[in-house]
Participant: 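Pasting a structure below so you can have a look.
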Amino acid sequence: MPGPPAGRQVEVLDLGCIADDVTGATDVATALVGAGFRTEVRFGVPAGGADVPGDVDATVVALKSRTAPVDDAVRQSRAALAWLRAAGAGRFYVKYCSTFDSTPRGNIGPVVDALLADLDAPVTVVVPAFPAGGRTVYRGHLFVFDQLLADSSMRHHPLTPMTESSVVRLLAPQTRHRVGLVPLTTVHRGAAAVRDLLQGAAARTLFVVDVVEDGDLATIAAAIDDLPLVTGGSGLAAALRPRTPRSSDGIRCLDVVPGRRAVLVGSLSDTTGRQLRHARERLPVVDLEPSAVTGDVRGWAFAAAERAAAWWRESPDRPVLFSSVDVGDLSADVVEAAFGQLAVALRARGARQFVLAGGETSGAVVAALGVSRLSIGPELAPGVAWGTADSVAGPLDLVLKSGNFGGDDLFTAAWHMLDRSSGEQCLGTTDVVRGRA
Ligand SMILES: Nc1ncnc2c1ncn2[C@@H]1O[C@H](COP(=O)(O)OP(=O)(O)O)[C@@H](O)[C@H]1O
Ligand SMILES: O=C(O)[C@@H](O)C(=O)COP(=O)(O)O
């Protein structure tokens with residue numbers, strides 16, 4: 001494992017986080033910012049040295065590993081861990097989806113097994129719960145608001161259909177190690193009781209932890225302070241605290257990059273469907289055309305960007321909405337490639353502000369745009385924020401929206417927030433965000 005680079009002391013970087021998709025990365029980064037960590041997101045394992053700026057407390061490495069072949073997901077995650085260790089990170093966090101999106105083979109279990117081995121760590125916790133987003137865990141069973149996971153719309157996810165609600169049963173076939181449960185009764189007895197249960201494990205164990213409200217996450221955060229590796233959705237991240245407390249006042253900065261505006265929607269979730277119905281009545285829309293996409297992706301992207309440019313000539317600030325949702329069943333890979341080409345064509349016509357919906361979709365688009373780094377700005381909804389990105393063609397403003405997050409008006413509310421940001425460099429999170437989405 002490479003050591004820290006010259007000029008950077010060990011444990012200068014407080015927390016290193018590895019996220020299995022890019023919307024999950026902005027979700028967890030948003031939570032960490034709220035918890036007082038000065039946080040950056042990197043897309044892919046950065047090439048070259050571990051060049052984390054001195055004023056960063058937490059780096060999130062955003063991978064596209066959720067649906068990758070198991071070996072590839074493990075390889076990417078271990079490379080991210082090695083990079084974060086070289087950057088001097090003192091503790092590590094694996095971020096997966098709050099609905100535990102995975103297949104019976106992985107990738108959550110194999111990735112956690114590999115990182116536990118690399119860190120020589122005896123136990124970890126498995127905490128997908130995110131009460132602010134309606135995800136709770138009771139007796140190891142994951143709920144999405146009032147429904148068990150397997151009764152929710154995640155049952156029909158195109159890439160990771162979730163047909164089992166017990167996190168213990170989901171994880172068991174994915175890991176070589178024991179799967180334990182920290183029941184809610186133990187969590188309610190306090191941090192010391194949770195710590196005793198974790199420390200009592202006779203062999204390497206992954207402990208699923210019950211959580212029904214934010215206070216439970218605070219208890220877990222206190223109990224896991226000395227674990228080198230913890231795993232979860234973004235809920236647990238929000239309960240962590242920097243080793244060196246910051247005088248964070250909830251202010252997030254956004255450099256508003258002048259340019260045209262676009263919304264690219266490849267997410268097929270129910271939540272995105274509601275947001276799309278709302279936005280279709282208010283914004284000009286271009287639907288993906290199955291025949292054009294399968295025939296000539298670049299040609300379709302060029303023509304679609306031309307249509308957007310015509311709208312922008314009439315009304316330069318008007319966002320144009322692109323959707324794949326009502327066009328029938330295509331191949332997911334082809335749709336991702338089409339959105340990537342489209343984003344590049346839109347950028348060539350002046351687009352600099354993008355709202356992207358769906359983790360896989362956003363991953364494909366940020367890769368096509370050559371995005372390397374994102375700093376998190378004001379929050380639009382729990383787990384969704386504007387950010388300013390570095391890309392091969394200069395700065396961009398981006399929202400990377402997880403399929404399941406945000407209120408019905410998210411695709412229009414995002415632009416109201418950006419308009420408010422113009423002229424102001426920083427916005428207080430409390431007055432801007434909540435209640436809008
Ligand atoms: N019409 C379509 N036919 C087939 N696949 C599609 C279609 N529209 C989108 N997709 C694919 O479905 C996947 C959706 O996943 P993602 O972007 O993570 O969003 P979510 O998980 O919220 O549905 C992407 O790979 C996307 O390319
Ligand atoms: O934890 C979550 O729910 C999200 O951060 C997330 O990972 C959702 O993924 P997508 O729905 O694929 O965007």
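Every value quoted in this text rests on a predicted model; they were computed, and no experiment measured them. The figures here come from the full heavy-atom set of this structure, side chains too, leaving out hydrogens, waters and symmetry mates. First listed ligand is number 1; within each ligand, the first listed atom is number 1.
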Participant: Do any nitrogen or oxygen atoms of Lys95 lie less than 3.5 angstrom from nitrogen or oxygen atoms of ligand 2?
Facilitator: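 Yes, Lys95 has an N/O under 3.5 Å of an N/O on ligand 2.
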
Participant: Please find the pair of heavy atoms, one from Ala129 and one from Thr136, that lie closest to each other, and give the distance.
Facilitator: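 Looking at all heavy atoms of both residues, the shortest contact is CB-CA, 4.3 Å.
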
Participant: To the nearest 0.5 Å, what is the distance between CG on Leu84 and CZ on Arg42?
Facilitator: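 So the CG of Leu84 and the CZ of Arg42 are separated by 9.5 Å.
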
Participant: Polar-atom distance check: Gly359 versus ligand 2, any N or O pair below 3.5 Å?
Facilitator: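 N/O-N/O distance under 3.5 Å: yes.
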
Participant: For ligand 2, is there an atom lying under 4.0 Å from some heavy atom of Phe405?
Facilitator: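 It does, in that a heavy atom of Phe405 comes within the 4.0 Å cut-off of ligand 2.
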
Participant: Does Arg280 count as lying over the ring of Phe411, i.e. NZ or CZ under 6.0 Å from the six-ring centre, within 45 degrees of the axis?
Facilitator: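 No, Arg280 does not lie over the aromatic ring of Phe411.
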
Participant: At less than 4.0 angstrom from any atom of ligand 1, which residues have a non-hydrogen atom? List them by chain and residue number.
Facilitator: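 Lining ligand 1: His157, Leu159, Gly266, Ser267, Leu268, Ser269, Ser324, Val327, Gly328, Asp329, Leu330, Ala332, Val335, Glu336, Gly358, Gly359, Glu360, Thr361, Gly403.
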
Participant: Knowing that exactly one of Thr272, Thr26, Thr271, Thr361 qualifies, which makes a side chain to side chain donor-acceptor pair (under 3.5 Å) with Lys401?
Facilitator: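 With Lys401 as partner, side chain to side chain donor-acceptor pair (under 3.5 Å) holds for just one option, Thr272.
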
Participant: In terms of residue, atom name and distance, what is the protein heavy atom nearest to atom 3 (O) of ligand 2?
Facilitator: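 The closest heavy atom on the protein side is Ser98 OG, 2.6 Å.
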
Participant: Assess whether atom CZ of Arg282 is packed by more than 12 heavy atoms of other residues, nucleotides or ligands within 6.0 Å.
Facilitator: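 Buried by this count: over 12 neighbours within 6.0 Å.
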
Participant: Can you tell me which residue and heavy atom of the protein come closest to atom 7 (O) of ligand 2, and the distance to 0.1 Å?
Facilitator: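 Answer, as residue, atom name and distance: Arg66 NH2, 2.7 Å.
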
Participant: Can you classify the ring geometry of Phe405 versus Phe130 as parallel (below 30°), tilted (30 to 60°) or perpendicular (above 60°)?
Facilitator: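 The arrangement is tilted - the two ring planes meet at 30° to 60°.
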
Participant: Considering residues, nucleotides and ligands other than Asp226, do more than 12 of their heavy atoms fall under 6.0 Å from its CG?
Facilitator: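 Yes, enclosed.
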
Participant: Kindly confirm or rule out an N or O of Thr23 lying under 3.5 angstrom from an N or O of ligand 2.
Facilitator: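 Such a contact does occur with ligand 2.
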
Participant: For Arg38 and Asp14: C-alpha separation, side-chain torsions, deciding distance, then whether salt bridge (Lys or Arg N to Asp or Glu O under 4.0 Å) applies.
Facilitator: CA-CA 10 Å; Arg38 299 168 302 178; Asp14 184 345; over 6 Å; no

Participant: Do you see a donor-acceptor pair shorter than 3.5 Å between the side chains of His141 and Asp210?
Facilitator: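 Note: His141 and Asp210 side chains miss the donor-acceptor criterion.
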
Participant: Going by the atom numbers of ligand 2, which of them fall below 4.0 Å from some non-hydrogen atom of Gly403?
Facilitator: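 What qualifies from ligand 2 is 10 (P), 11 (O), 13 (O).
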
Participant: Judged on heavy-atom distance to atom 5 (O) of ligand 2, which of Asp21, Leu268, Asp27 sits nearest?
Facilitator: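 Looking at heavy atoms only, the winner is Asp27.
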
Participant: How long is the straight-line distance from OG of Ser324 back to CG of Asp329, given to the nearest 0.5 Å?
Facilitator: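 Rounded to the nearest 0.5 Å, the CG-OG separation comes to 10.5 Å.
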
Participant: Among all the protein's non-hydrogen atoms, which is closest to atom 8 (C) of ligand 2, and how far away is it?
Facilitator: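 Going by distance alone, atom 8 (C) of ligand 2 is nearest to Ser402 OG, 3.0 Å.
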
Participant: What protein heavy atom lies closest to atom 6 (C) of ligand 2? Include the residue and the distance to one decimal.
Facilitator: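 The closest heavy atom on the protein side is Cys97 SG, 3.5 Å.
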
Participant: Do Leu13 and Val56 come within less than 4.5 Å of each other through their side chains, counting heavy atoms only?
Facilitator: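 A side-chain contact exists here, since the closest heavy-atom pair is under 4.5 Å.
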
